[in-house]
K.L.:
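Mind having a look at this structure? Questions to follow.
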Protein chains: 2
Amino acid sequence: MTPERVQRMHDILRKRQPDLTLITDAVFKPHNLSAIIRSCDAFAVNELNVVWPYDDYQTFRGRAMGSQQYVNVKTHKDVSQAIQGFKQQGYQIVAAHFCDQAVPHYDIDYTKPTAIVMGAEKNGVSAKAMDLVDHSIIVPMEGMVQSLNVSVAAALILSEAMHQRKNKGMLGENQLDSETYQIQFFEWCYP
Amino acid sequence: MTPERVQRMHDILRKRQPDLTLITDAVFKPHNLSAIIRSCDAFAVNELNVVWPYDDYQTFRGRAMGSQQYVNVKTHKDVSQAIQGFKQQGYQIVAAHFCDQAVPHYDIDYTKPTAIVMGAEKNGVSAKAMDLVDHSIIVPMEGMVQSLNVSVAAALILSEAMHQRKNKGMLGENQLDSETYQIQFFEWCYP
Ligand SMILES: C[S@@+](CC[C@H](N)C(=O)[O-])C[C@H]1O[C@@H](n2cnc3c(N)ncnc32)[C@H](O)[C@@H]1O
Ligand SMILES: C[S@@+](CC[C@H](N)C(=O)[O-])C[C@H]1O[C@@H](n2cnc3c(N)ncnc32)[C@H](O)[C@@H]1O
């Protein structure tokens, strides 16, 4: 481990945004989950909440995760419980979902504590989740197809959220509590 | 075919940007190509140039394309030839590639005729392609992983390009030549 790499880890940890998270609502294709994890990391999101109502948990762990342990991936059986947890902490819940109430994704203030719900490949965001959301958003599209790939949509939303936070100076100083910081630094050093 | 659907096709065709294209340099995973095709469509790009130096062309046609024939997909055996074709038409060639000369992706003027080269999953943009590019770009990342998924990076770049063109009013009136327009309209009606 070179001193440069250690320094790089500190620099990156200090940009992490603990109160911005993504909830995947039964997204199941490993390549999508893997692309989403990479985008979380790239856009300073420290925690990904994977709602995984399926049985073969091994498949998920083994294939989707690979070596990408730079993001804390928490799994949940039930989407309502996952969302309620964030609501109790005062997060706004934003669903990436096509519906009449949806606004363009850049119209949301992501500098507030925010959990973004992404829908499954075929079924989109579940009705159970939609019951609990505060806002719905759409990444505007100019073409014939009905939707983007879910990992693509997630990245476009996270990129916007990260830019808003950057413009507000929120990537400037450490926001992780010291315990999370220490554990994470250790895990990055000894993966 | 409802009159609304016919009208929708005209509205979308009139937004298409014939002088903005993507070249995939040996990108080979079907799910990545498929996500890229959807993003091209969503961001008003009418033509995708797939450099496919591999043998099993059937796999590519069959699996990557699916039903998504809203974008003209042209295939090329050789990346140099594909790029030269655009250079001769006066396009700027922009590679999404990590190198010392690279600038942030939003620093490029995409309202000029532009071909964007995306690199393969493992190998990135080939040396042969890099010999011919005018600019290199990077989507800035704030995390530990070295790169985004290629379809994610492509979407972030195309989204920026589309916004620049939209702000300049380029999505306002038809830019397709009438032959392309007619053929494409016909194909969308009778897929
Ligand atoms: C492939 S889409 C499936 C959409 C599903 N058929 C539906 O109608 O809800 C999977 C998920 O990607 C996200 N997504 C795709 N395109 C999007 C867009 N343009 N804006 C916002 N979210 C999008 C949504 O979270 C969606 O639930
Ligand atoms: C998964 S990357 C492979 C990178 C390859 N290992 C290299 O070092 O060139 C595949 C392609 O995605 C694109 N890409 C991924 N992340 C990018 C980023 N942050 N900025 C620009 N392009 C990116 C590039 O075109 C790259 O060639």
K.L.:
Has A:Lys112 got more than 12 heavy atoms of other residues, nucleotides or ligands less than 6.0 Å from its NZ?
P.N.:
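No, because the 6.0 Å sphere around NZ of A:Lys112 holds 12 heavy atoms or fewer from other groups.
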K.L.:
To the nearest 0.5 Å, what is the distance between CE on A:Met141 and OG on B:Ser159?
P.N.:
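The OG atom of B:Ser159 is 12.5 Å from CE of A:Met141, to the nearest 0.5 Å.
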K.L.:
More than 12 non-hydrogen atoms from neighbouring residues, nucleotides or ligands closer than 6.0 Å to CD on B:Gln89, yes or no?
P.N.:
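Yes - once you tally the heavy atoms of other residues, nucleotides and ligands closer than 6.0 Å, there are more than 12.
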K.L.:
Any residues in residues 5-17 of chain A near chain B, with a heavy-atom distance under 4.5 Å, and which are they?
P.N.:
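Heavy-atom contacts from residues 5-17 of chain A to chain B are A:Arg5, A:Arg8, A:Met9, A:Ile12, A:Lys15, A:Arg16.
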K.L.:
Is B:Val117 reachable from B:Val50 through a run of I, L, V, M, F, W or Y residues, each pair having side-chain heavy atoms under 4.5 Å apart?
P.N.:
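Not linked; separate clusters.
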K.L.:
How close do B:Val145 and A:Asp41 get, counting heavy atoms only, and between which atoms?
P.N.:
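Taking B:Val145 first and A:Asp41 second, the nearest heavy atoms are N-OD2, 2.7 Å.
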K.L.:
If you draw a 6.0 Å radius around CD in A:Glu173, do more than 12 non-hydrogen atoms from other residues or ligands fall strictly inside?
P.N.:
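Check fails, neighbour count at 12 or below.
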K.L.:
Quick one: pull up CZ in A:Arg38 and CE in B:Met144 and give me the separation to the nearest 0.5 Å.
P.N.:
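The distance works out to 14.5 Å.
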K.L.:
May I ask you to check whether over 12 heavy atoms, not counting those of A:Lys74, lie within 6.0 Å of atom NZ?
P.N.:
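Not more than 12 within 6.0 Å, no.
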K.L.:
According to a 4.5 Å side-chain heavy-atom criterion applied to Ile, Leu, Val, Met, Phe, Trp and Tyr, with indirect links allowed, do A:Leu48 and B:Leu148 form part of one hydrophobic cluster?
P.N.:
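As far as the 4.5 Å side-chain criterion goes, B:Leu148 and A:Leu48 are connected within one cluster.
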K.L.:
Please assess B:Lys29 against A:His31 for the test side-chain contact (heavy atoms from CB on, under 4.5 Å), listing each intermediate value before the final yes or no.
P.N.:
CA-CA 10 Å; B:Lys29 291 193 181 169; A:His31 59 81; over 6 Å; no
K.L.:
Tell me, for A:Ser151 versus chain B, whether the close heavy atoms (under 4.5 Å) come from the side chain, the backbone, both or neither.
P.N.:
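The answer is both parts of A:Ser151.
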K.L.:
So if you build clusters from Ile, Leu, Val, Met, Phe, Trp, Tyr with side-chain heavy-atom gaps below 4.5 Å, do A:Phe86 and A:Ile157 land together?
P.N.:
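Different clusters: A:Phe86 never reaches A:Ile157 through Ile, Leu, Val, Met, Phe, Trp or Tyr contacts under 4.5 Å.
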K.L.:
Chain B heavy atoms under 4.5 Å from A:Ile36: which part of the residue, side chain, backbone, both or neither?
P.N.:
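A:Ile36 has no heavy atom closer than 4.5 Å to chain B.
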K.L.:
With chain B, which of A:Val139, A:Asn32, A:Asn149 has the greatest number of heavy-atom pairs at distances under 4.5 Å?
P.N.:
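Answer, by heavy-atom pair count under 4.5 Å with chain B: A:Asn149.
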K.L.:
May I ask whether A:Val45 and A:Ile183 are part of the same hydrophobic cluster, defined by side-chain heavy atoms of I, L, V, M, F, W, Y residues being less than 4.5 angstrom apart, directly or through others?
P.N.:
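Different hydrophobic clusters.
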K.L.:
Which atoms form the tightest heavy-atom contact between B:Leu156 and A:Ala155, and what is the distance?
P.N.:
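Minimum heavy-atom separation between B:Leu156 and A:Ala155: CD2-O, 3.9 Å.
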K.L.:
With a 4.5 Å cut-off on side-chain heavy-atom distances among I, L, V, M, F, W and Y, is there a chain of contacts connecting A:Leu33 to A:Val73?
P.N.:
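They do share one cluster, since a chain of ILVMFWY contacts under 4.5 Å joins A:Leu33 to A:Val73.
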K.L.:
With only heavy atoms counted, which part of B:Ser39 is less than 4.5 Å from chain A, the side chain, the backbone, both or neither?
P.N.:
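Looking at B:Ser39, backbone and side chain both touch chain A.
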